[in-house]
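Following: one structure in structure tokens, then a few remarks.
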2 protein chains.
Amino acid sequence: MRFGHFDDEAREYVIETPLTPYPWINYLGSEDFFSLISHTAGGYTFYKDAKMRRLTRYRYNDIPTDSGGRYFFINDGGDVWTPSWLPMKKDLDFFETRHGMGYTRITGERGGLRVSTLYFVPLGETSEVQKVTITNTSDHVKTFSLFSYLEFCLWNAQDDQTNYQRNLSLAEVEVEGSTIYHKTEYRERRDHYAVYSVNAEIAGFDTDRETFVGLYETLAEAKVPNAGTAQNSMASGWYPIGSHQVDSTLQPGETRELVFVVGYVENTEENGQGKWADDAKQVINKTRAHELLARLDTTEKADAAFEALGEYWTTLLSAYTVTSPDDKLNRMVNIWNQYQCMVTFNMSRSASYFETGIGRGMGFRDSTQDLLGFVHLIPDRARERILDIAATQLPDGSAYHQYQPLTKRGNNELGSGFNDDPAWLIIGVDAYLKETGDFSILDEVVPFDNNDALAQTLYTHLTRSFEFTLNNLGPHGLPLIGRADWNDCLNLNCFSTTPGESFQTTENQAGGVAESTFIAAQFVLAAGQYATIAERGGDTQQADRARKAAATMSQVLLSDGWDGEWFLRAYDFYGNKVGTHEDTEGQIWIEPQGFAVLAGVGVEHNADGTPSATSPAFRALDSVDRLLGSAHGLVLQYPAYKSYRIELGEVSTYPPGYKENGGIFCHNNPWVIIGETVLGRGAKAFDHYRKITPAYREEISEVHRLEPYVYAQMIAGKEASRHGEAKNSWLTGTAAWNFVTVSQYLLGVRTDYDGLVVDPQLGPDVAEFTVTRRARGATYVITVANSGREGSRASLEVDGVAIQGRTVPYAPDGAVVQVRATL
Amino acid sequence: MRFGHFDDEAREYVIETPLTPYPWINYLGSEDFFSLISHTAGGYTFYKDAKMRRLTRYRYNDIPTDSGGRYFFINDGGDVWTPSWLPMKKDLDFFETRHGMGYTRITGERGGLRVSTLYFVPLGETSEVQKVTITNTSDHVKTFSLFSYLEFCLWNAQDDQTNYQRNLSLAEVEVEGSTIYHKTEYRERRDHYAVYSVNAEIAGFDTDRETFVGLYETLAEAKVPNAGTAQNSMASGWYPIGSHQVDSTLQPGETRELVFVVGYVENTEENGQGKWADDAKQVINKTRAHELLARLDTTEKADAAFEALGEYWTTLLSAYTVTSPDDKLNRMVNIWNQYQCMVTFNMSRSASYFETGIGRGMGFRDSTQDLLGFVHLIPDRARERILDIAATQLPDGSAYHQYQPLTKRGNNELGSGFNDDPAWLIIGVDAYLKETGDFSILDEVVPFDNNDALAQTLYTHLTRSFEFTLNNLGPHGLPLIGRADWNDCLNLNCFSTTPGESFQTTENQAGGVAESTFIAAQFVLAAGQYATIAERGGDTQQADRARKAAATMSQVLLSDGWDGEWFLRAYDFYGNKVGTHEDTEGQIWIEPQGFAVLAGVGVEHNADGTPSATSPAFRALDSVDRLLGSAHGLVLQYPAYKSYRIELGEVSTYPPGYKENGGIFCHNNPWVIIGETVLGRGAKAFDHYRKITPAYREEISEVHRLEPYVYAQMIAGKEASRHGEAKNSWLTGTAAWNFVTVSQYLLGVRTDYDGLVVDPQLGPDVAEFTVTRRARGATYVITVANSGREGSRASLEVDGVAIQGRTVPYAPDGAVVQVRATL
């Protein structure tokens, strides 16, 4: 069952009913100012930091679930309604929400009034525009009032919802003309305030929530819009809000446009602004607010800003496009998967409808993986991100697991010890170098532990990453797992007995010999990448060393890391196997199977160069299919743990079938998919891909529940009572890994050091397609005739000339290269 | 305007309309299990710790304000309504909420059904009883369904509202008969679960919120009760709830009683219970739940438990009672003020409708002050509390400002440095000794800093408290203020420029000489008390030393601490005066005026022994009257600070008229009132008392807004736009200080070492009254004929015999002593 449709031309998902199975959201903003917005106008706004500079208030998991947003009420001669359906939920003659690239347009119509609101954050601005277009669709004159509404947050989103003894005495506002200034705490240590304005004369305003809504009223029953008259209330403590009343009379067919702006303003020494316009009366300096509002005070200015935003996205998304008969594939590749990658770049894991924006810094592992998905879109910012991340690395090559985006310093509370972290830095830099060819980044001098005195070249950072794993091997020669590896919830040294204690921060037991086959597989990949980087930098000795280390690790994986039909997952604190047929639960885990094969471990070849179908890699992925497969994707492990295994940690705290305990983690399904392409089994790879990819799940939205245009972290597994139900959409490494998978391995077009690799592997269902790839200044138009034949590689013609191998050499700046690939 | 009335005989406040100006709440429980409940059944329950063991979910400051509770829905042939008015808000033919001592009864009637629910926590139980009585008041047979509803919290109240990425995958329940078991996280590290049951056959149940309420529905629109059929939903992740459907048919006039119980159960090694009934199927061991429920599974058992609760309160409250022509006075003294003192004993500052229960430990200062209000009610637990608190004192006499009630250890995050803390220990012990005569407490060996190796006698603790102030004097000989004194918001060494930074935890500037006249006045009182304790323990040398130190401090206060017409408040970091007529703002502060006079500073006497009306004490309190007085009580300082004074800290962060910046702090008004009784100005004292005391403010409830039966911390001051509006009710030292004031100084009956002091000072408005006081095993019936004559002390007859002085000697155990006092 669908609740909307894709409008690919407009790059929009069009929601046709307010009654989606969960609030379906979008993100506005791509620089310093961000908004979350649901299809019924729920959500909130913030400046840079979702915890410390929250502008508007939202309540997570309230009743109803999506409560709080920026709403408009219409009082049309006593008929009071909200075009976003919520909060009033009056029947609408028409409802539609269009989530687009950095904007959302919500349209509601009732009783001959159509109200369409376009929400977006203009480029270069610290504000959200709400452009309201009202059309009289009736055959008679309409006179009505519109009331805007948002609730201000007292800046620190966590304090705002806990420290009432203080906070309820703080609120202060000013009102000047049509502009509401929210200045709580500005009187003391803040140098910032919020504004909410409209480019029209107002009939009144309200800034006190109780006056506007009431004490016992819901938002649907809000007093002021229902009564029809603003009270001009001035907040003094309690709950400050912003609401304008705008009265209109429209002839039949007439349209009125209003531009509302909610914005963030700083008066700092740096920008040369004084704090007060009138110190004695504590009247704030509004100069910068006036300037901010003046830039968006006409329909024309708002429209121009919106147009610029569209051009920004058109440019961004043109780096990689596909044209194929499969619309779902096209829209994921060309629009939504890349869009989601940009959102994860902006947000890391901080603010979604499952993340409150108050708990998390940037992840070392998260951000390096996210980079794989956005490096082709914004290589300059990828470069900056790499250097930021590397600066939090510790001198021994290990890393703070998270760092704070505002300070760019490592998070001491969470600390280090996730032993997969170091290698991700190599994997991220490898992607950057292949995309850009910018080897100068390796010579950048970057601190360790944010300490300039410890600074070394980025290349040295990579060396330390490489050496870290070798310096931390266990008794089988496999890498020690430390606190956890990619699976944050596999905590083999933790042994936690305290309820509620975080498995990520509690003290680990010393002396353990717990080893991770996942890190081993990851090391095989990363050491190979590092070897190439070293070699190209002239450090052949280190290159040899790394190649040998990778080969050794690969052998260890196939001996001590092998269970007979698949790779083990780990050795625990006591040296016992995890992920073995000898156990009754958790017999097979997905992570090492996928990652080992994608790294080439156990891929043996026949005499003709094709992979041997009896080699360990095939057996591992066949086991994955048999044991982890389900209608909704591959579960993380099987059978799920029925009870708490203290020696395994958090993974066994989840009920069977959810999250890391047998849930379908959309983040590691791609490793298996890439593995299948390595084995030349494109059909199977594409099948796995389609099971978890949202556009292909659109038709079962009532089961999947979350947005059909972006990935969720997890889909409930086959042992869950709610199998197929997704959770935690938007902010997940899933976005990057799936884009890597589909663009580089299924469609098979990826940058390499010396050219563009073209190696499509997606089975026969897409008989022909064209990929357009912008890389290093040139554009490659790659037309693929795809038989889907297994085990083969495409033959290539470049500008009409057949070439050997899979790599199209890079062309000069500005060139357009025609490539024909035939499989 | 009133919204209810006092029913003094029943010891209840009766709320007659749901539309009170704010949710008016009550507390249930006095041992290990607690509930907050509003007049419309909002609130939540917890076991011991409001943060770590929250059983049910509540959302603070939601829209509407009071959202979440334990509700009953009635579906009476399609007419669906809630007897607690909220959440459905249907018109009721009758509504009444009776808040009593540890219980609340909410009655609603509609369409011929009267539903009355009695909520209470039985003594000795870890459960809340909800006894529902349904009467068919119509003249025809009624067939209807009742649906219970509460939402479970996932134990840690803070994590519950922040960590959705994990929490939304966790929920697990079991259902057995009529009992719902909430067992989220029991599978792993928890040894506890919650139950919700009813002593009747159920027609169905629900445990999944979305099934019961819906996704876009409000609680008023909840699907199941509106449709009339429970869905028997089993929660699996998302939001677990508990709901029963009970069907009934009642003849005209017939009544049905149902006993619902929500309870907390532990299976621990200590109580010898295994974790599972069936380990393989993860079926929990329910033995203790069955036992818990069996103790309350009939109306008779519930009624007996309720009766026992009433007797408990009757006994408690009989320690001090007054009979007078002033009903408001009687009900505050006999019922509500003492009740509030017990609640502050139980809760400290942790959980109210302004405190979320997740942020605070027990305060060193808070708890020692609270003790003044409950020591006569529960001396044994006061003894225990004193020893707990003393154990967190540091070896130099200073103290952790807060400690955690579960661990009883000092809170390192908040730390030490509030330089008034030490002396409160003396003041608390003084009150305990006077109440009980139990000098053995002084010999108890008590750790410093919770370190047994550092243990010393409690007397030594008092000595360290005394010495601490002497060891921390500033250049004028006044005590250094440290981080703050009683006024947490007067931060003279802080100089904070970072928005949102806590003034209580940020680093203080070193080298400051900021001094506090408040601590000086407090020292005069405490040193005098310490001297008496030392003397009675035979340590005459230390007694002399303390008396001299007190006298010296008193002199310093009158020289360097005196501004001309009142006491200064402080010297700041630079040695500048705070609280002086030389400033334009904050010229006079209330704290040192009241406390100095109550400690006897500046009280000079005439030849006849009466205080001299021209002495500094009179001038100070006259200045208080003139400058701090308002229709709603005495403001904290005047004029309030219009802008942030970085050298004063948090006090100037509040808008003028609110909180510590010119608000009416009901906590320090009593010091002035006691001071006035010291000066013999009873009429003025009683006038101040009545302005802030809730029962006297009942008639202006629409202005005061909060409960008319308990004190609030703060009433907005005369410079606030909402002058007279109260905030932060229930958990405030205001309760203890006002009870001390009215019982010991206005009515004038207080325990002393050698007998009961009788010294009424409340002016002429209460011409006669009788106080009955139980003390040290005897009962004193004190009848006062009160002219209200100023400056005089009463003459006393004890059992018909006139005595000299104000002290009635203690009588033997069991004696009943008749005292006549004539003023």
Side-chain angles (χ1 to χ4, degrees), chain A residues 18-19 21-22 52 59-65 67 86 89 155-156 159 161-165 168-170 172 185 187-190 213 215-219 234 236-237 239 279-280 282 354-356 358-359 496-501 642-644 652-655 658-659 720-722 727-728, chain B residues 18-19 21-22 52 59-65 67 86 89 155-156 159 161-165 168-170 172 185 187-190 213 215-219 234 236-237 239 279-280 282 354-356 358-359 496-501 642-644 652-655 658-659 720-722 727-728:
Chain A
L19 294 169
Y22 204 72
M52 303 303 285
R59 293 171 185 82
Y60 278 83
N61 296 316
D62 206 347
I63 302 176
T65 298
S67 293
L86 280 180
K89 299 192 288 188
W155 304 113
N156 179 323
D159 190 80
Q161 64 172 326
T162 48
N163 192 11
Y164 300 114
Q165 202 233 114
L168 296 180
S169 286
L170 292 185
E172 291 185 292
E185 285 197 343
R187 72 190 318 278
E188 34 139 336
R189 295 163 294 174
R190 295 195 181 273
V213 180
L215 186 65
Y216 292 103
E217 282 73 12
T218 63
L219 264 182
M234 293 297 287
S236 177
Y239 323 106
D279 198 346
Q282 300 268 296
F354 298 90
E355 292 284 5
T356 55
I358 63 180
S496 172
T497 56
T498 305
E501 178 177 70
K642 305 296 177 294
S643 60
Y644 180 48
S652 57
T653 68
Y654 289 103
Y658 294 99
K659 293 279 288 177
S721 59
R722 308 179 72 131
K727 284 208 186 91
N728 305 330
Chain B
L19 295 169
Y22 204 72
M52 303 302 285
R59 294 171 184 82
Y60 279 83
N61 296 318
D62 206 345
I63 301 175
T65 298
S67 293
L86 279 181
K89 299 191 289 188
W155 305 114
N156 178 323
D159 191 79
Q161 63 173 324
T162 48
N163 191 10
Y164 299 113
Q165 202 232 112
L168 295 180
S169 285
L170 292 184
E172 291 185 294
E185 285 196 343
R187 73 189 320 276
E188 32 138 338
R189 295 164 294 174
R190 295 196 181 272
V213 180
L215 186 65
Y216 293 104
E217 283 73 14
T218 64
L219 263 183
M234 294 296 287
S236 177
Y239 324 105
D279 198 345
Q282 299 268 298
F354 298 89
E355 291 285 4
T356 56
I358 62 180
S496 171
T497 56
T498 305
E501 178 177 69
K642 305 297 178 295
S643 60
Y644 180 47
S652 57
T653 69
Y654 290 103
Y658 294 99
K659 294 279 287 177
S721 60
R722 307 180 72 130
K727 284 208 187 89
N728 305 330

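Just the heavy atoms: all of them, side chains too, but no hydrogens, waters or symmetry mates, feed the values below. These numbers were taken from a predicted model, which means no experiment stands behind them. In what follows, every chain begins at residue 1, and chains take the letters A, B, ... in the order their sequences are listed.
One N or O on the side chain of A:Lys727 and one on the backbone of B:Leu168 form a donor-acceptor pair closer than 3.5 Å. The closest donor-acceptor contact from the side chain of A:Arg190 to the backbone of B:Thr498 lies at 3.5 Å or more, if one exists at all. Not one N or O on the side chain of A:Tyr644 forms a donor-acceptor pair closer than 3.5 Å with the backbone of B:Glu185.
In this structure, a donor-acceptor pair under 3.5 Å is present between the side chains of B:Lys659 and A:Gln165.
The candidate with the highest count of non-hydrogen atom pairs below 4.5 Å against chain B, out of A:Ser643, A:Ala280, A:Gly500, A:Ser721, is A:Ser643.
To the nearest 0.5 Å, atoms CG (A:Asp279) and NZ (B:Lys642) are separated by 13.0 Å. With rounding to the nearest 0.5 angstrom, the OG atom of B:Ser67 is 11.0 Å from the OH atom of A:Tyr216. A distance of 11.5 Å separates OG1 of A:Thr218 from CG of B:Leu219, quoted to the nearest 0.5 Å. Between the CZ atom of A:Arg722 and the CE atom of B:Met234 there is a distance of 12.5 Å, given to the nearest 0.5 Å.
The side-chain heavy atoms of A:Leu215 and B:Leu19, taken from C-beta on, include no pair separated by under 4.5 Å. Residues A:Glu217 and B:Pro64 fail the side-chain proximity criterion, which asks for heavy atoms closer than 4.5 Å. A heavy-atom distance below 4.5 Å is found between the side chains of A:Gln161 and B:Gln161. Considering only heavy atoms from C-beta on, B:Thr65 comes within 4.5 Å of A:Tyr239 through its side chain.
When all heavy atoms of B:Leu170 and A:Thr653 are compared, the pair lying nearest together is CD2-O, 4.3 Å. A:Arg59 and B:Asp62 get closest at one heavy-atom pair: CD-OD1, 3.1 Å. Nearest heavy atoms, A:Ser496 versus B:Arg189: OG-NH1, 2.7 Å. Taking both residues in full, the closest heavy atoms of B:Thr356 and A:Thr162 are given as CG2-O, 3.5 Å, listed atom of the first, atom of the second, then distance.
For A:Glu172, the side-chain contact (heavy atoms from CB on, under 4.5 Å) partners two or more places apart in sequence, or in a different chain, are A:Lys183, A:Arg187, B:Pro655.
Within the 4.5 angstrom heavy-atom criterion, only side-chain atoms of A:Tyr658, from C-beta onward, approach chain B. Looking at A:Asn61, the atoms closer than 4.5 Å to chain B (heavy atoms on both sides) sit in the backbone and in the side chain alike. Heavy atoms closer than 4.5 Å to chain B are found in the side chain of A:Leu86, but not in its backbone. For A:Asn156, no part lies under 4.5 angstrom from a heavy atom of chain B.
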